[in-house]
Amino acid sequence: MVITAGATRFVSDVHLRPERPDITERFSRFLVDCIEKRIAALFILGDLFEYWIGDDNLDDTFNALVASKLRKVSDAGVKLFFLHGNRDFLIGAAFAAATGAHLLPEVAVLGLHPLSVGADGTPPDAGTAASAPILLLHGDTLCTDDRAYQDFRRQVRKPEWQQGFLTQSLPDRQNEVNLLRQRSTEAVRQKSAEIMDVNAGAVRRLCAEYHCRILIHGHTHRPGCELLDTDPPCERWVLSDWEHDRGDALETHGQKIRRLDWSQ
Ligand code: MN
């Protein structure tokens with residue numbers, strides 16, 4: 001799929017939840033802005049929702065509202081892509097159908113010349129120098145120092161775990177997720193800042209594997225940009241999360257990337 005005309009935007013970690021209508025309202029304005037500015041494609045790099053207990057909960061008032069806003073974006077001609085975060089990894093085909101979003105694999109590769117994405121997340125012209133790949137991922141897989149989290153991730157990504165979870169009733173799933181969120185908040189409080197950031201070696205290995213020029217991820221809630229002295233050199237862009245005083249997006253302009261402030 002070639003995405004040529006217009007700019008492309010990337011956003012991550014919006015953590016939408018019914019308790020925070022202010023964030024939902026700000027994100028809605030961002031979506032309308034994507035339509036008005038005729039953005040070619042919007043990539044959501046995970047944790048769009050604070051939690052997602054299954055696509056069979058799409059009828060929930062809040063979820064239906066968000067899905068309808070995303071639908072307007074794809075109906076307006078903005079190509080919509082979604083990549084799973086650690087909180088909404090259960091988003092599936094029904095959500096994609098409802099919103100018009102294309103689901104991407106864990107690591108998605110974008111070609112830059114022209115901006116393009118293959119069905120399996122690899123660019124049609126992968127491997128050529130002209131493709132100058134942009135690598136997209138949520139970012140949690142780079143936090144390899146957080147062993148406890150990586151163990152948890154391996155468990156919940158197993159099909160057996162997911163089948164077991166999804167066969168429970170919606171209220172039971174909601175209760176389990178509430179417990180997990182509580183435990184996660186406590187665990188995060190006890191972990192050091194270094195453990196919860198990306199591992200530099202993991203980043204370099206990923207860049208080497210894909211020969212990427214640009215790496216874009218979220219998850220760590222540490223917005224920034226660094227130039228890595230990899231071969232080829234790679235710009236690592238980190239998106240912020242959306243909270244009461246912060247929220248951003250990245251936008252491509254030709255081969256350049258700039259950060260958009262959506263904190264207000
Ligand atoms: Mn995350």
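All heavy atoms count here, side chains included; hydrogens, waters and symmetry mates do not. Atoms within each ligand, like the ligands themselves, are counted from 1 in listed order.
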Asks: Are the side chain of H138 and the backbone of L45 linked by a donor-acceptor contact shorter than 3.5 Å?
Replies: yes
Asks: Please evaluate residues W237 and E235 with respect to the criterion side-chain hydrogen bond (donor to acceptor under 3.5 Å, both in side chains), reporting the C-alpha separation (whole Å), side-chain torsions for both, the decisive distance (0.1 Å), and the verdict.
Replies: CA-CA 6 Å; W237 289 83; E235 286 173 28; 2.8 Å; yes
Asks: So with a 6.0 Å cut-off around CD of Q264, is the heavy-atom count from everything else above 12?
Replies: no
Asks: Between D56 and R173, is the closest basic N to carboxylate O distance under 4.0 Å?
Replies: yes
Asks: Check the pair F95 / W52 against ring pair (Phe, Tyr, Trp, His ring centres under 6.0 Å), numbers first and verdict last.
Replies: CA-CA 11 Å; F95 175 86; W52 188 260; 5.4 Å; yes
Asks: Between D88 and Y51 (side chain of the first, backbone of the second, donor and acceptor by atom type, cut-off under 3.5 Å), is there such a pair?
Replies: no
Asks: Listing by chain and number, which protein N, O or S atoms are under 2.8 Å from the Mn ion (ligand 1)?
Replies: D47 OD2, N86 OD1, H138 NE2, H219 ND1
